[in-house]
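In this chain, numbering begins with 1 at the start of the sequence shown.
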Amino acid sequence: MAYIELSTQKISEVKRSVEVYRDKHRGLMNTTYFSMIDTTSNAWQGEDATAFRKDWEETVYGNDSTSVRMLVAMENYIEFLRVSQSKYEQFANTAVSRARSIPSWGI
C-alpha cells in the first residue's frame, strides 16, 4: 500500500527561527535606544539634546527605519510560513481523504 507522507516540521522550524531572531532584534533595538537615551540624558541637556533624542527615536522606531522595515518583513514572512503550513496540511488531508476513497479492486 502506498502512503502519502507529510511533514511540516521544517516550516515550523524556520518559522520559529525567524520569530526568535525577530524577538532578539526587537530587544536589541530597545536596549540600544534606552541606553542611548540614558547616556545622553545624564550628560546633555537643552534643545540640541531634545532634537537629537527625537531624531534617534525616529531612527530606531520610525516607519522609514531600516529596523522597523526589517521587523515588518519578518512579521510578513512569519505569517506567510504560518499560512503555507496550514494550506500544506489541508492539502495533504484532502489528498489522503481522496486516496482512501479510491476503490482498491482487491489489490
Side-chain angles (χ1 to χ4, degrees):
M1 176 176 242
Y3 294 96
I4 298 174
E5 286 191 41
L6 167 72
S7 176
T8 57
Q9 181 179 356
K10 289 291 184 187
I11 294 173
S12 291
E13 290 171 4
V14 170
K15 184 170 66 94
R16 184 66 193 136
S17 294
V18 175
E19 288 169 340
V20 167
Y21 186 80
R22 174 205 57 201
D23 294 344
K24 285 182 179 180
H25 175 77
R26 186 177 287 140
L28 181 61
M29 292 308 291
N30 285 336
T31 299
T32 302
Y33 172 76
F34 288 113
S35 175
M36 180 62 76
I37 294 301
D38 288 346
T39 300
T40 58
S41 292
N42 294 333
W44 190 13
Q45 301 293 321
E47 290 178 27
D48 288 342
T50 302
F52 174 81
R53 283 192 288 279
K54 183 177 178 185
D55 287 348
W56 180 248
E57 183 173 339
E58 185 64 27
T59 298
V60 175
Y61 297 116
N63 289 332
D64 197 37
S65 162
T66 301
S67 175
V68 169
R69 288 194 313 250
M70 188 169 79
L71 287 169
V72 168
M74 285 189 279
E75 291 290 345
N76 290 338
Y77 187 48
I78 290 166
E79 179 63 12
F80 166 78
L81 291 170
R82 186 191 66 72
V83 170
S84 296
Q85 181 178 4
S86 174
K87 293 294 183 184
Y88 190 40
E89 290 168 349
Q90 284 176 343
F91 172 78
N93 291 336
T94 301
V96 168
S97 177
R98 287 182 179 176
R100 285 186 179 140
S101 70
I102 297 173
S104 64
W105 291 306
I107 298 176

Q.
Through direct or indirect side-chain contacts below 4.5 angstrom among Ile, Leu, Val, Met, Phe, Trp and Tyr, which residues connect to Y61?
A. M29, Y33, F34, M36, I37, W44, F52, W56, V60
Which residues share a salt bridge (Lys or Arg N to Asp or Glu O under 4.0 Å) with [X], sequence neighbours left out:
{"X": "D48", "answer": "none"}
{"X": "K10", "answer": "E13"}
{"X": "E58", "answer": "none"}
{"X": "R82", "answer": "E79"}

Q: Start with the C-alpha gap between E19 and R16, add the side-chain angles, then the distance that decides, and say whether salt bridge (Lys or Arg N to Asp or Glu O under 4.0 Å) holds.
A: CA-CA 5 Å; E19 288 169 340; R16 184 66 193 136; 3.4 Å; yes
Q: Could you tell me which residues satisfy side chain to side chain contact (heavy atoms under 4.5 Å, CB included) with Q45, sequence neighbours excluded, listed by chain and number?
A: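 Once residues adjacent in sequence are excluded, Q45 has no partner under the side chain to side chain contact (heavy atoms under 4.5 Å, CB included) criterion.
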**Q.** Sequence-distant partners of K87, side chain to side chain contact (heavy atoms under 4.5 Å, CB included), two or more places apart
**A.**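 V83, Q90.
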Q: Evaluate whether atom CG of N63 has more than 12 neighbouring non-hydrogen atoms of other residues, nucleotides or ligands under 6.0 angstrom away.
A: no
Q. Which value, rounded to the nearest 0.5 Å, describes the distance between S7 atom OG and Y88 atom OH?
A.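 Between atom OG of S7 and atom OH of Y88 there are 7.5 Å.
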Got a list of side-chain donor-acceptor pairs under 3.5 Å for residues 66-77, not counting sequence neighbours?
{"residue": "S67", "atom": "OG", "partner": "H25", "partner atom": "NE2", "Å": "2.8"}
{"residue": "R69", "atom": "NH1", "partner": "D64", "partner atom": "O", "Å": "2.7"}
{"residue": "R69", "atom": "NH1", "partner": "D64", "partner atom": "OD1", "Å": "3.0"}
{"residue": "E75", "atom": "OE1", "partner": "R22", "partner atom": "NH1", "Å": "3.4"}
{"residue": "E75", "atom": "OE2", "partner": "R22", "partner atom": "NH1", "Å": "3.1"}
{"residue": "E75", "atom": "OE2", "partner": "R26", "partner atom": "NH2", "Å": "3.4"}
{"residue": "N76", "atom": "ND2", "partner": "V72", "partner atom": "O", "Å": "3.4"}

**Q.** Under 3.5 Å: donor-acceptor pair, side chain of S97, backbone of N93
**A.** no
Q: Please report the closest heavy-atom contact between V18 and I78, naming both atoms and the distance.
A: CG1-CG1, 3.6 Å
Q) Excluding sequence neighbours, so at least two apart, what forms side chain to side chain donor-acceptor pair (under 3.5 Å) with T8? A) Q85, E89
